[in-house]
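The next block holds one structure in the form of structure tokens; read it before the comments.
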Amino acid sequence: AIERTLSIIKPDATRRSLTGKINARFEEAGLRFVAQKRIRLTKEQAEQFYSVHAERSFFGELVAFMISGPVVVQVLEGENAVARNREIMGATNPANAAPGTIRADFAESVEANSVHGSDSAENAAIEIAYFFAGTELVG
Ligand code: CMP
């Protein structure tokens with residue numbers, strides 16, 4: 001089915017001017033951009049976005065990292081977009097990411113892992129609504 005998913009290009013990747021290279025991978029894999037904006041997350045936004053991880057030992061560092069520079073939040077659309085995006089990203093820890101994936105090729109560490117992608121269609125809807133109004137999604 002045609003789905004939408006939320007993707008975030010993280011501060012380690014914007015700092016290294018990797019936005020274009022990462023976006024090309026999404027488009028080459030058949031995912032289309034229906035929304036995209038470059039923003040700086042506030043601490044409150046980052047804490048709320050990652051609130052499922054609030055009890056994890058890395059939460060404070062994760063939030064600090066996500067507000068350390070600009071991010072690009074984007075909505076990708078395509079066939080099985082949630083799973084497709086996760087394939088292209090590779091495993092969370094770049095040490096475990098398959099060759100040719102974004103994280104294998106670009107990520108610096110499990111924290112500075114270049115991209116975020118929604119983990120389910122249900123969470124994608126929540127995450128998309130967190131950053132975009134319906135009128136900003138242009139299919
Ligand atoms: P993301 O898909 O954005 O969701 C939560 C993030 O926490 C994850 O990617 C990682 O970048 C980050 N993170 C930092 N440290 C860890 C860790 N030890 N284990 C898992 N995720 C971590």
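Atoms within each ligand, like the ligands themselves, are counted from 1 in listed order.
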*Measure the spacing between CD of E87 and CD1 of I102 and express it to the nearest 0.5 Å.*
11.5 Å
_M89 CE to T101 OG1 distance, which is reported to the nearest 0.5 Å_ = 9.5 Å
*Under 4.0 Å between a Lys/Arg side-chain N and an Asp/Glu carboxylate O for E136 and K37?*
yes
Check: residues 15-27 side-chain donor-acceptor pairs under 3.5 Å, at least two apart:
unit_1	atom_1	unit_2	atom_2	d
R15	NH2	E108	OE1	3.0
R15	NH2	E108	OE2	3.4
R16	NE	D12	O	2.9
R16	NE	E108	OE2	3.4
R16	NH1	F106	O	2.9
R16	NH2	D12	OD2	2.6
R16	NH2	F106	O	3.0
N23	OD1	Q74	NE2	3.2
N23	ND2	Q36	OE1	3.1
R25	NH1	G100	O	3.1
R25	NH1	D105	OD2	2.9
R25	NH2	D105	OD2	2.9

*What residues form a salt bridge (charged side-chain N to carboxylate O under 4.0 Å, His left out) with R86, not counting sequence neighbours?*
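Partners of R86 under the salt bridge (charged side-chain N to carboxylate O under 4.0 Å, His left out) test: none.
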_Residue pairs passing the ring-ring contact (aromatic ring centres under 6.0 Å, His included) test where at least one lies in residues 76-98, sequence neighbours excluded_ = none
_Residue shell around ligand 1, heavy atom under 4.0 angstrom_ = K10, Y50, H53, F58, L62, T92, R103, V110, E111, N113, H116
